[in-house]
2 protein chains.
Amino acid sequence: MSSSRSGPGPETGLTMRDVAERLGVSPMTVSRALRGRPGIGAATRERVLAEVAALGYRPNKLARGLRSGGPHELIGLLVTNLGNPFYSQLAVGVEQVAVRYGARVMLGSTGADPDSEHEVVDDLLERGVDGLVVVPAGHDHAHLGAVQLRGTPVVLAASPPMGADLDCVLVDDFGGTRDACRRLIEHGHRRIGFLGLPAALWTGSERFRGYAFALDEAGIEVDERYVRRLRGDVEAIEAAARELIDQPEPPTALLTANNRNTVGALRALRFRDTDAPRVELAGFDDVELADVLHLPLTVVSYDPIEIGRSAATLLFDQLAGTDPVAQHRPRRLTVPTTLVDYAVQPRPRTAATAGPAR
Amino acid sequence: MSSSRSGPGPETGLTMRDVAERLGVSPMTVSRALRGRPGIGAATRERVLAEVAALGYRPNKLARGLRSGGPHELIGLLVTNLGNPFYSQLAVGVEQVAVRYGARVMLGSTGADPDSEHEVVDDLLERGVDGLVVVPAGHDHAHLGAVQLRGTPVVLAASPPMGADLDCVLVDDFGGTRDACRRLIEHGHRRIGFLGLPAALWTGSERFRGYAFALDEAGIEVDERYVRRLRGDVEAIEAAARELIDQPEPPTALLTANNRNTVGALRALRFRDTDAPRVELAGFDDVELADVLHLPLTVVSYDPIEIGRSAATLLFDQLAGTDPVAQHRPRRLTVPTTLVDYAVQPRPRTAATAGPAR
DNA sequence: CTGTTAGCGCCTTCAG
DNA sequence: CTGAAGGCGCTAACAG
């Protein structure tokens, strides 16, 4: 009962020396027993482990890391908003891989604010993360490149690096949207509306490109009357969708470039006169209950968990290499998308968000 | 350039002494400048801070915590599965409050496995968390009580403590289900089916109790033919729902006790003959796109983020008190629920999962 | 096989 | 106002 006043002893106030003293051995012996290191007799080890168990002693990983200088088996995960299912799924993937490597995940939310991202990155570094998986908040990733150059690997998720040589994992934004648009064209549509994010955002740009590409293939010109690119909540999107379909020569189909846009469009389509012309829908991102809607809907589906897994795997790859950062050729992975046609026939939902019920 | 070989220097390999030497002062001066402590001249402070900025030096919070013995401003969050929107929303709330207190969140997924929960708790303690917010995986929380007694506060979320005196934050499972069931009864239903979790689970038990209570109020007996309590994926639930409504004297309404059950029931109802008798639905947990479904659906809505916020607030409350653990009278908070009737009229969705679009 | 010495990066304490 | 000594809990590196 030496250091039991209030010291940082992890959870119990017990220190290695307490265990050692109680056994009449040196702290080193306890250390060796605990870490399963050689240079200790089997009998002694048993004795130590028994005492450790009896006392409920737990080593202090922070002190260990400080002294050994080794990795802390801790990675940081920066997302803009965990409340968005895409990011929470991504987090699941990151965590799965981290645990496999014996590491833990420290969370940071940026709220899509680059300044906040800066601060969180600094804080996580001060807390000794070995590496970072980042869903970037801004367009310029130079500061993340600097972090990497200083020795902490960084992997980007859902966005390609800009102004820095970083690994990244992307969704096939272009291909997915192109395929969805092709599908609409196959269905005979020529006037196809687009509802998506501004071009300044990666997905906004790439998905629009897929749309324009498919139109071009089919000899159709992009008609700006049918294009709305905005950053807003579902209400704003719904209004934009209504605007699109209520104009004189309305599109006969709508391509929505993300989940929020799809929901907004669904609302706009659903709450109008039943004698209005039917509008077919195709959207990026899967939609819960899409198959129950009884609407002609095609979605671009992919696995957000896989994005997290891939990003974390890239990170631990770098961490495993000797001098992970020097002469590092950035890698870029793309997660594939598949077209799911809910209009054709009901099909079982993916179990993505299933998990144990509550 | 002293300690620059590979040491644990947080991100840059720089240590306080490096900064101090470069300035011809002692490390203590740097420390004081950095922490804004008194006992240092304004001029000196400026000089130090300038050098710190120029060098990009960042203090090592791990070493700081080791020496000062103070809190690490780090809390652990244990959930069963972040992929479930309920838990990710909860995590959002926890993180919001943590950040407000200058703390960070370390994540742990238990996969609803009590053994795994044990391990994760130990690991987080070794990593110096100041406290824990736990969505418990098992029924017995004695081990969490032990953790608390050893000095690390624990707050439970979404489940009341069993076998330990812990703070907790609950949803009004009973009241919400009771209200939903009352609504169905108001609508004239007498044969009301129940689809929920087994009684062994807290929500399974409480929500069934709400159902039974409302029936009892109305002088209706619980009819086991109309009750299905299972733990399964959406497919299994859908099958159970179909079983319920396809029997000889089927219920005219269904009460589903959670989101997964609601989705399963919606599927079962949607994919059957159009001449089948109409079945009204009421369910616990909100459902995305519920208003677009054009089905008579009432949901018990609440704010999962608020659960996380409350839980974290309770935790930091304890952390703030002197000797947080001793003589601690456990507190129990209940987050209210509201009934939302999507059948009556379309209404804007809550912005719960909105966040920045992608 | 075991113990001793030294020190990770920082901060508390006490001298100057 | 500043610096020196000592140590948080643990573990390399070297003795024995």
Side-chain angles (χ1 to χ4, degrees), chain A residues 2-48 52 55 57-73 125-128, chain B residues 1-21 23-48 52 55 57-73 125-128:
Chain A
S2 61
S3 62
S4 54
R5 47 203 114 247
S6 80
E11 62 300 42
T12 145
L14 276 178
T15 163
M16 224 168 205
R17 222 182 38 204
D18 296 322
V19 181
E21 278 171 6
R22 226 164 296 243
L23 252 50
V25 298
S26 88
M28 265 322 290
T29 304
V30 179
S31 174
R32 286 195 258 252
L34 240 29
R35 311 219 11 187
R37 285 295 187 77
I40 181 177
T44 322
R45 166 167 297 144
E46 290 305 317
R47 247 174 19 107
V48 171
V52 163
L55 262 50
Y57 164 78
R58 301 255 112 208
N60 181 333
K61 281 195 172 152
L62 273 46
R64 174 177 297 177
L66 181 59
R67 173 63 243 217
S68 72
H72 297 144
E73 301 180 321
L125 290 175
E126 291 173 16
R127 289 169 182 279
Chain B
M1 59 189 73
S2 62
S3 62
S4 55
R5 47 202 115 247
S6 80
E11 63 301 41
T12 145
L14 275 179
T15 163
M16 226 169 204
R17 222 184 36 206
D18 295 323
V19 182
E21 279 171 5
L23 251 49
V25 299
S26 87
M28 266 322 294
T29 304
V30 179
S31 174
R32 286 194 259 252
L34 241 29
R35 312 218 9 185
R37 285 294 188 76
I40 180 175
T44 324
R45 167 166 298 145
E46 289 306 316
R47 243 169 27 99
V48 171
V52 163
L55 260 50
Y57 164 78
R58 300 255 113 208
N60 181 335
K61 280 196 171 150
L62 274 46
R64 172 177 299 178
L66 180 60
R67 172 64 241 220
S68 74
H72 298 143
E73 300 181 321
L125 291 175
E126 292 174 14
R127 290 171 181 278

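No hydrogens, no waters, no symmetry mates; every other heavy atom, side chains included, goes into these values. Chain identifiers are assigned alphabetically (A, B, ...) following the order of the sequence lines, protein sequences preceding nucleic acid strands; residue numbering begins at 1 within each chain.
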Q: What about B/R67: does its side chain form a donor-acceptor pair under 3.5 Å with the base of D/dG7?
A: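 Between D/dG7 and B/R67, which were checked side chain against base, a qualifying N/O pair under 3.5 Å is present.
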Q: Between atom CZ in B/R58 and atom P in C/dG9, what is the gap in whole Å?
A: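 Computing the B/R58:CZ to C/dG9:P distance gives 17 Å.
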Q: Quick check: closest heavy atoms across B/A63 and A/L66, and the distance to 0.1 Å?
A: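 The answer is CB-CD1, 3.9 Å.
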Q: Please report, rounded to the nearest Å, how far the C1' atom of D/dT11 is from the CG atom of A/L66.
A: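 Roughly 10 Å, once rounded to whole Å.
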Q: How many whole angstroms separate atom CZ of B/R64 from atom P of D/dG9?
A: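 My rounded result for the distance is 18 Å.
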Q: For C/dC11 and B/S31 - does any side-chain N or O of the residue sit under 4.0 Å from the phosphate oxygens OP1/OP2?
A: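 Yes, within the criterion.
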Q: In whole Å, I'd like the distance from the CG atom of B/D18 to the P atom of C/dC8.
A: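 Checked: the CG to P distance equals 11 Å.
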Q: Output the rounded distance in Å from NE2 (A/H72) to P (D/dC10).
A: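 The answer, rounded to whole Å, is 14 Å.
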Q: Could you check whether any side-chain N or O of A/R45 sits under 3.5 Å from a backbone N or O of A/R37, counting only pairs where one atom can act as donor and the other as acceptor?
A: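 Indeed, once roles are kept as given, a pair shorter than 3.5 Å links the two residues.
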Q: Between B/M16 (CE) and D/dG3 (C1'), how many Å, whole number?
A: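 Those two atoms, CE and C1', are 14 Å apart.
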Q: Please state how far atom CG in B/L62 lies from atom P in C/dC10, giving the value in whole angstrom units.
A: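 Taking atom P of C/dC10 as the reference, CG of B/L62 is at 11 Å.
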Q: Can you pull out how bent the helix from C/dC1-D/dG16 to C/dG16-D/dC1 is, comparing the axes over its first five and last five pairs, to 10°?
A: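 Answer for the end axes of this duplex: 40°.
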Q: For A/R58 versus B/E126, what's the shortest heavy-atom pair and its separation?
A: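 Looks like NH1-OE2, 2.5 Å.
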Q: I'd like a list of close polar pairs between nucleotides 3-5 of chain C and the protein, N/O only, cut-off under 3.5 Å.
A:
{"unit_1": "C/dG3", "atom_1": "OP2", "unit_2": "A/S26", "atom_2": "N", "d": "3.1"}
{"unit_1": "C/dG3", "atom_1": "OP2", "unit_2": "A/S26", "atom_2": "OG", "d": "3.4"}
{"unit_1": "C/dG3", "atom_1": "OP2", "unit_2": "A/T29", "atom_2": "OG1", "d": "2.5"}
{"unit_1": "C/dG3", "atom_1": "N7", "unit_2": "A/R32", "atom_2": "NH2", "d": "2.7"}
{"unit_1": "C/dG3", "atom_1": "O6", "unit_2": "A/R32", "atom_2": "NH2", "d": "3.3"}

Q: Going by heavy atoms closer than 4.0 Å, what residues in residues 36-46 of chain B are next to DNA chain C?
A: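 Listed by number, they are B/R37.
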Q: Once you round to the nearest 0.5 Å, how far does OG1 of B/T44 lie from CG of B/L23?
A: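 Here the interatomic distance stands at 9.5 Å.
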Q: Using the test side chain to side chain contact (heavy atoms under 4.5 Å, CB included), find all partners of B/M16 that sit at least two apart in sequence or belong to another chain.
A: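 Testing B/M16 for side chain to side chain contact (heavy atoms under 4.5 Å, CB included), a comparison that skips the adjacent residues, returns B/V30, B/S31, B/L34, B/Y57.
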Q: Does A/L14 reach the side chain of A/R22, with side-chain heavy atoms less than 4.5 Å apart?
A: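 Yes, their side chains come closer than 4.5 Å.
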Q: Rounded to the nearest 0.5 Å, how far does CG of B/N60 lie from CZ of B/R67?
A: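 Separation between the atoms: 15.0 Å.
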Q: Would you say B/R127 and A/R127 make side-chain contact, with heavy atoms under 4.5 Å?
A: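 B/R127 does not reach A/R127 side chain to side chain.
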Q: Below 4.0 angstrom from OP1 or OP2 of C/dC10, is there any side-chain N or O of B/Y57?
A: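 Answer is yes, contact under 4.0 Å.
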Q: Identify the two heavy atoms, one from A/R32 and one from A/P38, that lie closest to each other, and give their separation to 0.1 Å.
A: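 Residues A/R32 and A/P38, closest heavy atoms: CD-O, 3.7 Å.
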Q: Could you tell me the separation between the CG atom of B/D18 and the CG atom of B/L55, rounded to the nearest 0.5 Å?
A: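 Answer for the CG-CG pair, B/D18 versus B/L55, is 8.0 Å.
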Q: Residues two or more places apart in sequence or in another chain: which of them pass side chain to side chain contact (heavy atoms under 4.5 Å, CB included) with B/P27?
A: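 Scan of B/P27 (side chain to side chain contact (heavy atoms under 4.5 Å, CB included), adjacent residues dropped) gives B/R17, B/A20.
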Q: Quick one, A/V19 with A/V52, criterion side-chain contact (heavy atoms from CB on, under 4.5 Å). Give me CA distance, side-chain angles, the key distance, then yes/no.
A: CA-CA 7 Å; A/V19 181; A/V52 163; 4.0 Å; yes
Q: Report yes if a side-chain nitrogen or oxygen of A/S68 is closer than 4.0 Å to either non-bridging phosphate oxygen (OP1 or OP2) of D/dC10; otherwise report no.
A: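 For D/dC10, neither OP1 nor OP2 has a side-chain N or O of A/S68 closer than 4.0 Å.
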Q: Between B/R35 and C/dC11, does any side-chain N or O lie under 4.0 Å from OP1 or OP2?
A: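 For C/dC11, OP1/OP2 do have a side-chain N/O of B/R35 under 4.0 Å.
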Q: Distance check needed: C/dG9 C1' versus B/L34 CG, whole Å only.
A: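 Atom CG in B/L34 sits about 13 Å away from atom C1' in C/dG9.
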